[in-house]
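Only one structure is covered here, and it is reproduced in the block below.
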Amino acid sequence: MFNGEEFISSSVRTTVVVVLLSMTSAGTIIALLLRPTPWVNTQSHNESSASALQNSVVLFFTKDMLLLCITFFYTGLQLSLWGGVFPTCIGFTYTLGENRKALATICMIFIAVGEIFGGSLFGFLGHLTTKSGRSPVVILGFCTSIFSYILIFLNLPFESPLGETGQLNSTFITSNQYLVACAAFFMGFSDSCFNTQIMSMLGSKYKDQSVSAFAIFKFVQSIGSFVGYLCVDGVSLQLQLLLLVLVNIVSTFIFLHSGIIRNVHCNDMAML
């Protein structure tokens, strides 16, 4: 559909929107037709919106949740990188060839493959994660994300988020499409490492406040994405990567050493 296209035509955009809208509508209808879970106590969930909001605000200002918000914020920054900045940089890198627009789409597929691989791996091996703790998975996500950022830093021009680049650009090596695809896969894999462990930890630590906990997670993550997308226009690639690396280091350190993971791991082991 996009092969050989420098610009996306209106007919192609219409087709993509119709397909995505149809899939979204079908998913929404299927979700509405699902039977209610019989094991949920509906009486305990009769909570007013004002009360739910108040409970979320109170939970937000607890020490553990404030520390976790730094990691939530980082996942939002990373989402903006692979969802907006990264494909934009690929599409604007002249040295990647005439099919660089198609390469941007292919790299998004590699990101999805990394997400699926990581989610499936930690889903099937969840019992091992519970025994060994979540720290190894978080460290693995940190290492793979740093590796992907290094590949992007070396491979894509610094000015690529700002517009089309020329034959002479500010890259340390000649831009290579295979390295770009490799960076995309590891970025998706690292994102799955963080998100699977965050969701698993929230479900274990905040069993009685799961709605508020996950609402805070998505709220702070959305703020991170918003900040990341703000940086797209006017901020060079190396500065955006520097911000991501710094927040990644801080969030991973706090996530591992705040005692939150250790407490949740002890609770998980007690349930086995």
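One-based numbering along the sequence shown.
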Quick one: list whatever passes ring-ring contact (aromatic ring centres under 6.0 Å, His included) with F194, sequence neighbours left out.
Y74
N195 side-chain N/O to D191 backbone N/O, donor-acceptor pair under 3.5 Å
yes
Are the side chain of R100 and the backbone N or O of G91 linked by a donor-acceptor pair below 3.5 Å?
yes
Starting from V58, walk the hydrophobic network (Ile, Leu, Val, Met, Phe, Trp, Tyr; side-chain heavy atoms closer than 4.5 Å) and list everyone else you reach, by chain and number.
none
Path from M199 to V137 over hydrophobic side-chain contacts below 4.5 Å
yes
Test ring-ring contact (aromatic ring centres under 6.0 Å, His included) applied to F219 - qualifying residues, sequence neighbours left out
none
Using 30° and 60° as the class limits, which term best fits the ring planes of F147 and F186: parallel, tilted or perpendicular?
perpendicular
Show, in sequence, the C-alpha distance, side-chain angles and deciding distance for L96 and T93, and conclude whether the side-chain contact (heavy atoms from CB on, under 4.5 Å) test is met.
CA-CA 6 Å; L96 287 175; T93 302; 3.8 Å; yes
Can L68 be reached from L246 by stepping across I, L, V, M, F, W or Y side chains whose heavy atoms are under 4.5 Å apart?
no
Test item: S120 side-chain N/O and F117 main-chain N/O as donor-acceptor pair under 3.5 Å
no
Out of curiosity, S212 OG to L59 CG, how far, rounded to the nearest 0.5 Å?
6.0 Å
Q209 CD to M65 CE distance, which is reported to the nearest 0.5 Å:
8.0 Å
Is there a side-chain contact between I111 and M108, using heavy atoms and a 4.5 Å cut-off?
yes
Shared ILVMFWY cluster between F92 and L103, side chains joined below 4.5 angstrom?
no
State, without any angle test, whether S251 and T71 hold a side-chain donor-acceptor pair at a distance under 3.5 Å.
no
Joint cluster assignment, F86 & Y178, ILVMFWY side-chain distance < 4.5 Å
no
Do you know the tightest heavy-atom contact between V180 and I90?
CG1-CD1, 3.3 Å
Is the closest side-chain heavy-atom distance between C89 and L237 below 4.5 Å?
yes
Could you please spell out the steps behind the side-chain contact (heavy atoms from CB on, under 4.5 Å) verdict for F110 and M187?
CA-CA 9 Å; F110 272 94; M187 191 158 35; over 6 Å; no
Do L140 and F189 touch side chain to side chain, with heavy atoms closer than 4.5 Å?
yes
Measure centre to centre between the rings of F214 and Y206, then say whether the value is under 6.0 Å.
no
Beyond-backbone contact of N248 with Q78, side-chain heavy atoms, under 4.5 angstrom
no
If only atom types and distance count, is the side chain of Q240 paired as donor or acceptor with the main-chain N or O of V235 below 3.5 Å?
yes
Side-chain heavy-atom pair L81, L77 within 4.5 angstrom cut-off:
no
L202 side chain near S210 side chain, heavy-atom distance below 4.5 Å
no
Below 4.5 Å, heavy atoms only, C-beta onward: do C69 and I216 meet side chain to side chain?
yes
Going only through I, L, V, M, F, W and Y residues with side-chain contacts under 4.5 Å, is there a path from I150 to I173?
yes
Under 3.5 Å, is there a donor-acceptor pair between the side chain of S225 and the main chain of S80?
no
By ring-ring contact (aromatic ring centres under 6.0 Å, His included), which residues pair with F72, not counting sequence neighbours?
F217
Rounded to the nearest 0.5 Å, the CG atom of L239 sits from the CG atom of L244 at a distance of 11.5 Å
Could you tell me which non-hydrogen atom of G118 sits nearest to which non-hydrogen atom of S192, and how far apart they are?
CA-OG, 3.2 Å
Chi angles and distances behind the side-chain contact (heavy atoms from CB on, under 4.5 Å) call for Q177, I106
CA-CA 10 Å; Q177 58 184 354; I106 293 174; over 6 Å; no
Distance from S236 atom OG to F158 atom CZ, nearest 0.5 Å?
8.0 Å
Please name the pair of heavy atoms, one in I152 and one in A183, separated by the smallest distance, quoted to 0.1 Å.
CG1-CB, 4.0 Å
Is the side chain of T252 donor-acceptor paired with the backbone N or O of I249 at a distance under 3.5 Å, no angle test?
no
If you round to the nearest 0.5 Å, how far is CE of M201 from CD of Q197?
9.5 Å
Sorted by chain and residue number, the side-chain hydrogen bond (donor to acceptor under 3.5 Å, both in side chains) partners of T88 (sequence neighbours excluded) come out as none
Side-chain donor/acceptor of T28 to backbone N/O of T24, under 3.5 Å:
yes
Taking only residues two or more places apart in sequence or in another chain, which ones pass ring-ring contact (aromatic ring centres under 6.0 Å, His included) with F60?
none
Smallest heavy-atom separation, Y229 atom then G83 atom, equals OH-C, 3.7 Å
Backbone of G141 reached by a side-chain donor or acceptor of T144 within 3.5 Å:
yes
When you check the side-chain N and O atoms of S190 and S145, is any donor under 3.5 Å from an acceptor?
no
Pair T75, Q221: side-chain N/O donor-acceptor within cut-off below 3.5 Å
yes
Would you find a donor on one side and an acceptor on the other, under 3.5 Å apart, between the side chain of N176 and the backbone of L179?
yes
State the CG-CD1 distance between L151 and I146, to the nearest 0.5 angstrom.
11.5 Å
